[in-house]
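Single-structure report; data block below.
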Amino acid sequence: MGAEEVNTYQRMVPFVEIMDATLRDGEQTNGVSFLPHEKLVMARKLLSDVNVDRIEIASARVSEGEREAVTKICTYAQKNGLLERVEVLGFVDGGKSIDWIAECGGKVVNLLAKGSLKHCTHQLHKTPEEHISDIKKELEYAASKGISVNLYLEDWSNGMKDSPEYVYQLMDELVATNIKRFMLPDTLGVMNPLQVIEYFRKMMKRYPETHFDFHAHNDYDLAVSNSLAAVLSGARGLHVTVNGLGERCGNAPMASVQAILKDQFHAKTNIVESQLNDLSRMVESFSGISVAPNQPIVGENVFTQVAGVHADGDTKDKLYYNELMPERFGRKREYALGKNSGKANIAKNLEELGLELTPEQTRRVTERITELGDKKEIVTQEDLPYIVSDVLKHDGSEDKVKLISYIVTTAYGLKPGANIKVEINGQEFEGSAVGDGQYDAFVKALRHIYKKYLDRTFPTLANYQVSIPPGGRTDALVQTVISWHYKDGLLRTRGLDADQTEAAIKATFKMLNIIENDLTK
């Protein structure tokens, strides 16, 4: 595509329909299985907050759990006028999938047909004519049940490569039917962008009025590139998953596809970008699959500047900014603290915390942070006031909230309990509680103290992460990172100890002291 063609394309500003398949295809990630209520929560987030155009939520006839999930989601969607945006994968099985979907309250089936001659003859053991006849019967039955149909051409990429005449035979017979969308998957993730462009243009030339979706897999790390190549070549819809979940190497990640569609190709979607980070965290929690720190848009580190020269450039007309502004995705830019920080990074963090230091004081704090970085210790913005106090020996360095003593207990058949004594601004308080775990009991005892004696609300937990070094040593140091809802944002603190509960307690008291100092100011 030449420069003139690209400019013409950009002036057209195409609209791209986004179908999220996290609840169906994403669940094929090894080790991932969503509960019915989890699927309902994610479906509501996807449809109502993120505003994807469609969601594929399950495969028909898989299990009673899937039946429950599909019924719950369809009931919710029906009440809110969203049912036409909810889709279920079905099979050419003599109407059994159609009946299952109808019984659950569904209105759309994504019918799985064979998009390559090899799949048709070796998996179904049928001729193309027999398979086409079976599909047409399924279409008639779906219409009688009031179910609309989209059609997957499974293994379409290999079909175009090895048996294009079979693909065209299928399309010629089905293009004039009541199929709403033809969905073209790269089932095995074997394509590159040049092939996507070639094959899509052939499809568009033969069937110019047809709505085609593209469904990418990431086996060669090309799912996003292939998705964009499909849009450039006429695809009206793309299939994605949250965090790129999916079988083997996964599918095209929603956040990456959205960002590059908008920024590089000026395409329009209905996605609410500010909701993408919250959605990512929700799916990360329900799936148990952690997002890589460097994953674009939603990774923990992607809006963190590490090099001091970059922080310095950000203060000079935003030299290191691009269109991927963190606020756009409900996030904020951070400046890492470590041996590569330099004065500019530290100055940025001090400025955000409202701390003013002289150049000499800043130099001494920088030296201390560099020293910690050389030892591979993690330094966060929340640690910075403590480092400043330690280096400069401020009078106010003493903690306002101290743990005097505590005992936590756990016994088989009984809920864990905690008894604690703390000092807050010079006064001692005691509290006790039971909980679902030792740390839960400890926090409930703290909540009791803050409510009963101080009449204050204790911050609510947003996220809790534990990490240990590899190697499996039982005495390894545990790092606990806890995020708390505080004011209009998040407060993140870390604790390090050989005992996980003790590490969490250290992180908790860091948080309490930060809040106490904030209240004092």
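One-based numbering along the sequence shown.
Annotation: side chain to side chain contact (heavy atoms under 4.5 Å, CB included) contacts of T358 (sequence neighbours excluded): E360, Q361. Residues meeting the ring-ring contact (aromatic ring centres under 6.0 Å, His included) test with Y406, sequence neighbours left out: F442. For Y220, the side chain to side chain contact (heavy atoms under 4.5 Å, CB included) partners two or more places apart in sequence, or in a different chain, are L222. Taking P296 as the reference, S256 meet the side chain to side chain contact (heavy atoms under 4.5 Å, CB included) condition, with sequence neighbours excluded. In this view, D219 and R248 satisfy the salt bridge (charged side-chain N to carboxylate O under 4.0 Å, His left out) rule, not counting sequence neighbours. Judged as a salt bridge (charged side-chain N to carboxylate O under 4.0 Å, His left out), and not counting sequence neighbours, E327 has no contacts. In terms of the side chain to side chain contact (heavy atoms under 4.5 Å, CB included) criterion, residue partners of S48 (sequence neighbours excluded) are, by chain and number, Y76, L82.
Side chains of S227 and V231 form no contact here, defined as non-hydrogen atoms less than 4.5 Å apart. Annotation: side chain of R456 is in contact with side chain of L519 (closest heavy-atom distance under 4.5 Å). You'll find the side chain of W484 reaches within 4.5 Å of the side chain of T493, heavy atoms only. With contacts defined as side-chain heavy-atom distances shorter than 4.5 Å, the pair I482/M511 does not qualify. You'll find the side chain of L324 reaches within 4.5 Å of the side chain of F329, heavy atoms only. The shortest side-chain heavy-atom distance between V481 and Y464 does not fall under the 4.5 Å cut-off. Two residues are said to be in side-chain contact when any heavy atoms from C-beta on lie closer than 4.5 Å; V302 and R331 meet this criterion. F509 has its side chain within reach of V401: a pair of non-hydrogen atoms, C-beta onward, lies under 4.5 Å apart.
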task: Determine, step by step, whether V86 and V108 satisfy the side chain to side chain contact (heavy atoms under 4.5 Å, CB included) criterion, reporting the C-alpha distance in whole Å, the side-chain angles of both residues, the deciding distance to 0.1 Å, and the verdict.
output: CA-CA 7 Å; V86 176; V108 184; over 6 Å; no

field: Test log, rule side chain to side chain contact (heavy atoms under 4.5 Å, CB included), inputs N243 and V298
entry: CA-CA 8 Å; N243 299 339; V298 295; 3.9 Å; yes

message: Does K400 form a side chain to side chain contact (heavy atoms under 4.5 Å, CB included) with I424? I'd like the steps, not just the answer.
response: CA-CA 6 Å; K400 292 182 171 62; I424 305 173; over 6 Å; no

field: Full working for salt bridge (charged side-chain N to carboxylate O under 4.0 Å, His left out) between K262 and E273
entry: CA-CA 11 Å; K262 180 177 180 180; E273 292 183 339; 3.7 Å; yes

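No side-chain N or O of S483 forms a donor-acceptor pair with one of N463 less than 3.5 Å apart. Side chains of N251 and D25: a donor on one and an acceptor on the other come within 3.5 Å. A donor-acceptor pair shorter than 3.5 Å cannot be found between the side chains of T29 and E247. Inspection of the T480 and Y439 side chains reveals no N or O donor paired with an N or O acceptor under 3.5 Å.
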Show me the donor-acceptor pairs within less than 3.5 Å that the side chains of residues 32-46 make with the rest of the protein, sequence neighbours left out.
from, atom 1, to, atom 2, distance (Å)
E38, OE1, L35, N, 2.9
K39, NZ, L23, O, 2.8
K39, NZ, E27, OE1, 3.1
K39, NZ, I57, O, 2.8
K39, NZ, E66, OE1, 2.9
K39, NZ, E66, OE2, 3.1
K45, NZ, Q275, OE1, 2.7

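Residue pairs meeting the salt bridge (Lys or Arg N to Asp or Glu O under 4.0 Å) criterion with at least one member in residues 252-261, sequence neighbours excluded, do not occur. Applying the side chain to side chain donor-acceptor pair (under 3.5 Å) definition to pairs two or more places apart or across chains, those involving residues 52-65 are E17-R54, R24-E56, D53-N270, R54-E87, R54-D213, E56-N110, E56-Y152, R61-D93. Residue pairs meeting the side chain to side chain donor-acceptor pair (under 3.5 Å) criterion with at least one partner in residues 427-436, sequence neighbours excluded, are K415-D436. The side chain to side chain donor-acceptor pair (under 3.5 Å) analysis of residues 441-454, with sequence neighbours excluded, yields the pairs D440-K444.
Checking side-chain atoms of T22 against main-chain N and O of V242 turns up a donor-acceptor pair under 3.5 Å. Side chain of D518 to main chain of I514: no donor-acceptor pair is present (N/O by atom type, distance under 3.5 Å, no hydrogens or angles). Checked by atom type and distance alone, the side chain of D186 never pairs as donor or acceptor with a backbone atom of A216 at under 3.5 Å. A donor-acceptor pair under 3.5 Å is absent between the side-chain atoms of S97 and the main chain of G90, judged by distance alone.
Interatomic distance, CD1 of I73 versus CD of Q78, reported as 14.5 Å (0.5 Å rounding). From N51, atom CG reaches atom CG of D49 across 9.0 Å, with rounding to the nearest 0.5 Å. Once rounded to the nearest 0.5 Å, the distance linking CG of N218 with CG of L245 reads 12.0 Å. Taking OG of S405 as the start and CD1 of I407 as the end, the distance is 9.5 Å to the nearest 0.5 Å. Atom CG of N277 and atom CZ of R281 lie 5.0 Å apart (nearest 0.5 Å). N425 CG to D399 CG: the interatomic distance, rounded to the nearest 0.5 Å, is 11.0 Å.
The residues E502 and K506 are annotated as not salt-bridged, no charged nitrogen and carboxylate oxygen being separated by less than 4.0 angstrom. Taking the charged nitrogens against the carboxylate oxygens, E103 and R67 do have a contact shorter than 4.0 Å, which makes a salt bridge.
Of all heavy-atom pairs spanning T241 and G26, the tightest one is CG2-N, 4.2 Å. Of all heavy-atom pairs spanning I101 and A60, the tightest one is CG1-CB, 4.3 Å.
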